Enquirer: 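One structure coming up, written as structure tokens, with questions to follow.
Since this is a predicted model, take the numbers as computed values, not measurements. For the single chain, residues carry numbers from 1 onward in sequence order.
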Amino acid sequence: MSSLLTEQYADRIREALTDFLPEDEGASGVMRQVMNYSLSVGGKRVRPALTLAFCELCGGDTEKALPFAAAVEYIHTYSLIHDDLPCMDDDDMRRGQPSSHIRFGEANALLGGDALLTRAFGILAAADLPPALIVRAVDALSLYAGADGMIGGQVLDLAGEGKTLSADELKQIDILKTGALIKCACVLGCIAADAPWEQIAAAENFADALGIAFQIQDDILDVTSDSATLGKPVGSDEKNQKNTYVSRLGLARAREEEARYTAMAIEALDIFGDAADSLRAFAGALSGRLS
């Protein structure tokens, strides 16, 4: 997936992710290696790019929002490390290289994920923004990444394995597991800019629709792509008897739903006028991505 939006912020995001790692000595050095292994392999950087894009769109200083962007990517990366563990999805490859638990062992991978999660909140606290905005950011990240957000979605996803879920039940899982952190990224950008509630509401609506579209496309790629292109094993959803939009709706209908939610995300940006054109293009690029 290529997007001018992600390219615009790529260098600053990459530098920020490295800058906030722990010192390279002793036990911290071991964890730095584990953390950096998963952070440095790239990925789409969707979430930090959205944080910076919404900050800029709402008139904020993107340099001051970089800690918010890095924090949400730390959370996302920890979740991927944990998702790959044998007790979860048991995937041996991530982004074209061995998963963290294959490279460093299960215990160190688990601890590396924990370290990323913990560090994320320290990164928020270090932002050069008014304390009131930092408190709001901590509250948002803990909400969307926790039991009422991403983790809650993972719980529902695991509970649904081997069962036949309705489309509404599947949507609820995806709103939490995938959509919550995307929404958090957008909201953090708005908070960094101290945006009014109307803009925050629009960002939330955009994120809700984009998160579902993003997950549908992931489900589609799991059956239509190949491991070399995707950078991870394909067919794992079927192997783990996961409920997906493809298994529930069929491939053609899943593609229609992905397009519909992408259109909803784009429509949610109307309040911003032409200034949101880069985000509209970004949503379209995610829709057509191949990995």
Side-chain angles (χ1 to χ4, degrees), residues 6 8-56 58 60-83 95 100 108-151 180-195 200 203 207:
T6 52
Q8 175 184 348
Y9 301 120
D11 290 341
R12 285 189 289 166
I13 290 171
R14 188 183 307 111
E15 290 173 6
L17 295 178
T18 301
D19 288 345
F20 290 116
L21 285 169
E23 295 297 322
D24 191 11
E25 56 184 31
S28 293
V30 174
M31 281 297 97
R32 180 188 175 95
Q33 184 180 5
V34 178
M35 295 160 73
N36 192 48
Y37 178 79
S38 294
L39 281 171
S40 64
V41 293
K44 292 173 281 292
R45 307 295 193 211
V46 169
R47 292 151 192 84
L50 286 172
T51 298
L52 297 182
F54 270 99
C55 176
E56 186 170 2
C58 296
D61 183 343
T62 55
E63 287 301 313
K64 292 188 176 182
L66 274 171
F68 286 14
V72 77
E73 186 68 0
Y74 270 47
I75 293 287
H76 174 57
T77 303
Y78 115 74
S79 75
L80 297 181
I81 292 174
H82 283 194
D83 278 353
R95 295 171 175 169
S100 184
N108 273 337
L110 179 66
L111 291 170
D114 291 345
L116 286 162
L117 165 61
T118 307
R119 187 73 187 114
F121 290 95
I123 293 171
L124 289 181
D128 182 21
L129 287 165
L133 297 184
I134 292 174
V135 169
R136 286 173 59 190
V138 169
D139 181 60
L141 188 59
S142 63
L143 172 66
Y144 289 122
D148 293 319
M150 180 186 70
I151 289 176
L181 206 58
I182 291 177
K183 182 186 287 190
C184 183
C186 298
V187 169
L188 286 178
C190 294
I191 290 173
D194 198 13
I200 294 176

Enquirer: Do P48 and Y9 come close enough that some side-chain heavy atom pair is under 4.5 Å?
Expert: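 No, too far: nothing below the 4.5 Å cut-off.
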Enquirer: Which heavy atom of I123 sits nearest to which heavy atom of A70, and what is that distance?
Expert: CG2-CB, 4.4 Å
Enquirer: Atom CD1 in I191, atom CG in D139: separation rounded to 0.5 Å?
Expert: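 Atom-to-atom, I191:CD1 and D139:CG are 8.0 Å apart.
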Enquirer: When rounded to the nearest 0.5 angstrom, what is the spacing between CD1 in I81 and NE2 in H76?
Expert: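 Nearest 0.5 Å value for the CD1-NE2 distance: 10.5 Å.
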Enquirer: Sequence neighbours excluded, which residues qualify as salt bridge (Lys or Arg N to Asp or Glu O under 4.0 Å) partners of E63?
Expert: R12
Enquirer: What's the shortest heavy-atom distance between A192 and C55, and which atoms?
Expert: CB-SG, 4.1 Å
Enquirer: How long is the span from the CG atom in L39 to the CD1 atom in I13, to the nearest 0.5 Å?
Expert: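 Reported to 0.5 Å precision, the distance equals 12.0 Å.
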Enquirer: So which heavy atom on A145 is nearest to which on L181, and how close?
Expert: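 In this case the closest contact between A145 and L181 is CB-CD1, 4.3 Å.
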Enquirer: So, the side chain of R47 versus the backbone of E73: is there a donor-acceptor pair under 3.5 Å, distance only?
Expert: no
Enquirer: Taking atom CG of L66 and atom CG of L17, what is their separation to the nearest 0.5 Å?
Expert: 9.5 Å
Enquirer: Please report the closest heavy-atom contact between Y78 and G113, naming both atoms and the distance.
Expert: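 Answer, listing the atom of Y78 first, then G113: CB-O, 3.2 Å.
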Enquirer: Are any of the side-chain heavy atoms of L111 and V34 separated by less than 4.5 Å?
Expert: no
Enquirer: Taking all heavy atoms of A115 and all of M31, pick out the closest pair and write down the distance.
Expert: CB-SD, 4.2 Å
Enquirer: Do I75 and Y144 pass the side chain to side chain contact (heavy atoms under 4.5 Å, CB included) test, and can you show the C-alpha distance, the side-chain angles, and the key distance before you say yes or no?
Expert: CA-CA 10 Å; I75 293 287; Y144 289 122; over 6 Å; no
Enquirer: Might you work through the side chain to side chain contact (heavy atoms under 4.5 Å, CB included) test for T18 and R32, ending with a clear yes or no?
Expert: CA-CA 9 Å; T18 301; R32 180 188 175 95; 4.1 Å; yes
Enquirer: Using atom types as modelled and distance alone, determine if a side-chain donor or acceptor of T77 lies under 3.5 Å from a backbone N or O of Y74.
Expert: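 No, T77 side chain to Y74 backbone: no donor-acceptor pair under 3.5 Å.
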Enquirer: Give me the atom names and distance for the closest heavy-atom approach of A203 to F54.
Expert: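 Heavy atoms of A203 and F54 come nearest at CB-CE2, 3.5 Å.
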Enquirer: To the nearest 0.5 Å, how far apart are CG in L52 and CG in D61?
Expert: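 It comes to 10.5 Å.
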Enquirer: Just so I know, are the side chains of V72 and L50 near enough to count as touching, which here means a heavy-atom distance under 4.5 Å?
Expert: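 Result no, sub-4.5 Å side-chain heavy-atom pair not found.
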Enquirer: Spell out, as yes or no, whether a donor-acceptor pair under 3.5 Å connects the side chain of S38 to the backbone of M35.
Expert: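 No: the side chain of S38 does not pair with the backbone of M35.
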Enquirer: Without swapping roles, check the side chain of R119 against the backbone of P22 for a donor-acceptor pair under 3.5 Å.
Expert: no
Enquirer: Measure the spacing between CG of L133 and CG of D128 and express it to the nearest 0.5 Å.
Expert: 11.0 Å
Enquirer: Among residues at least two apart in sequence or on other chains, which ones pass salt bridge (Lys or Arg N to Asp or Glu O under 4.0 Å) with D194?
Expert: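 Counting only residues at least two positions away or on another chain, D194 forms a salt bridge (Lys or Arg N to Asp or Glu O under 4.0 Å) with R136.
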